[in-house]
> 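Input: one structure, supplied below.
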There are 2 protein chains.
Amino acid sequence: MLITVDFLSDSPIYIQIYEQIVFGIAAGSLCSGESLPSVRRLAEDIGVNLHTVNKAYRLLSDDGYIRLEHRTGAQVVGIGLSHADIMPYLTDRLRLLAAQAVVLGMSEREFANLASEEYRKIDSKRTAGK
Amino acid sequence: MLITVDFLSDSPIYIQIYEQIVFGIAAGSLCSGESLPSVRRLAEDIGVNLHTVNKAYRLLSDDGYIRLEHRTGAQVVGIGLSHADIMPYLTDRLRLLAAQAVVLGMSEREFANLASEEYRKIDSKRTAGK
DNA sequence: TCGATTGTTATATTAGATATATAACAATTT
DNA sequence: AAATTGTTATATATCTAATATAACAATCGA
């Protein structure tokens, strides 16, 4: 899976890497058990420091998206197999977006539909076997 | 409306202020046209620097939640009256949450219901006239 | 008109986060 | 044993977050 970084972006590089890998797993570009590049390899590929990739991997590991082991490297945990409890975080972030939607003038239905739509866009990629 | 800050939180103080005011508007604690405390007043009330509040207010203004004027101060714009285009941001953030929901093993329905639920929790407060 | 209050801008300082650079360590597979 | 992996340790530079003072600029009200 191709990973790219925008050095001019407001969001930190390790966050960009983190999010792209989450998207990769959700979209089926990264399958359960699949190995990610080593921190050194990915760092060189995208032109950043080893520690920046390491920080992203550690965060992914803390959130249950990947497992980290010596020599074996980083491996994707897979859909529905994580034991990390990120629901509180997800709910909290969704709460802010809901508030913003309210202020924006969106209806409950419109907001739920937007959520469904974004879910389906990602999920259909995996279902298609990409 | 009471605003509090957690100095030990990971999220910056100006973001905490920003989010609480967005929630306040969405929940009806802050009504259209209502005045917010001056930057100096709020800064003193919650024990932070004037510039920290100012940063929050400027961000709220950029995102269309409030209007800033000399002497008059900061005034709430109100539901559905903003001209700022924050939909791209909202969609982008919702996309990440959708991806995380997919990896978590949630169904499309479950994710949409969670979105609806969070929307309703906030919206019902305003509807109740709080 | 004058004065007070408002947001705004400017400058400086401190602390923390982000990212880099090197180096070494520790675990594990081959 | 050797190589590859994540991990830890230092050090450095840059940027953000937050504070502290001070002054400026707009505007409302007396």
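In what follows, chains carry the letters A, B, and so on, assigned in the order in which the sequence lines appear, proteins first and then strands, with residues in each chain numbered from 1.
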> How many Å lie between CD1 on B:Ile46 and C1' on D:dT19, as a whole number?
14 Å
> Considering only D:dA20, D:dG6, D:dA18, which nucleotide approaches the side chain of B:His51 most closely?
D:dA20
> Less than 4.0 angstrom between a side-chain N/O of B:Tyr14 and OP1 or OP2 of D:dA17, yes or no?
yes
> Heavy-atom distance under 4.5 Å between the side chains of B:Ser82 and A:Leu104, does that happen here?
no
> From the set C:dT8, D:dT19, C:dT20, return the single nucleotide nearest to any side-chain atom of B:Phe7.
D:dT19
> Roughly, in whole Å, what's the span from CD in B:Gln75 to P in C:dT5?
18 Å
> Rounded to whole angstrom units, what separation is found between the CG atom of A:Leu60 and the C1' atom of D:dG6?
14 Å
> Give the rounded distance in Å between these two atoms: CD1 of A:Ile13 and C1' of D:dT14.
12 Å
> A:Ser38 side chain: which of C:dT8, C:dT20, D:dT5 is closest?
D:dT5
> With nearest nucleotides of DNA chain D determined for A:Asp10 and A:Gly73 from heavy-atom distances, which residue corresponds to the more 5′ nucleotide?
A:Gly73
> Which nucleotide in the list D:dC28, D:dG6, D:dT8 gets nearest to the side chain of B:Arg71?
D:dC28
> Quick one: does any side-chain atom of A:Tyr65 pair with a main-chain N or O of A:Gly78 as donor and acceptor, under 3.5 Å?
no
> Return the minimal non-hydrogen interatomic distance between A:Ile66 and A:Leu68, and the atom names on each side.
CD1-CD2, 3.9 Å
> What integer distance in Å separates A:Leu50:CG from D:dT8:P?
13 Å
> If you only use heavy atoms from C-beta on, which nucleotide in D:dG6, D:dT19, C:dT18 is closest to the side chain of A:His70?
D:dG6
> With the side chain of A:Ala74 defined as its heavy atoms from C-beta on, choose the nearest nucleotide among C:dT8, C:dT18, D:dG6.
D:dG6
> Just the rounded figure in Å: distance from P of D:dT27 to CD of B:Glu69.
8 Å
> The side chain of A:Val48 lies closest to which of these nucleotides: C:dT20, C:dA19, C:dT9?
C:dT20
> Rounded to whole Å, please give me the gap between CG in A:Asn49 and P in D:dT8.
16 Å
> Report yes if a side-chain nitrogen or oxygen of A:Lys55 is closer than 4.0 Å to either non-bridging phosphate oxygen (OP1 or OP2) of C:dA19; otherwise report no.
no
> Do any side-chain nitrogens or oxygens of B:Thr52 fall under 4.0 Å of OP1 or OP2 in D:dA17?
no
> Using a heavy-atom cut-off of 4.0 Å across all strands, would you classify B:Arg58 as base, sugar-phosphate, or nothing?
nothing
> Taking the side chain of B:Arg40 as its heavy atoms from C-beta onward, which of C:dT8, D:dA18, D:dT19 lies nearest to it?
C:dT8
> Please state whether the phosphate of C:dG7, meaning OP1 or OP2, lies under 4.0 angstrom from any side-chain nitrogen or oxygen of B:Thr72.
no
> Check whether A:Met1 and B:Leu96 end up in the same hydrophobic cluster, where Ile, Leu, Val, Met, Phe, Trp and Tyr are linked by side-chain heavy atoms less than 4.5 Å apart.
yes
> On DNA chain C, compare the nucleotides closest to A:Ser11 and B:Leu68; which residue's is nearer the 5' end?
B:Leu68
> Can you measure A:Asn54 atom CG to C:dT18 atom C1' for me and round it to whole angstrom units?
14 Å
> Side chains of A:Tyr18 and A:Asp63: donor-acceptor distance under 3.5 Å anywhere?
yes
> Tell me whether B:Glu69 at atom CD has more than 12 heavy atoms from other residues, nucleotides or ligands lying less than 6.0 Å away.
yes
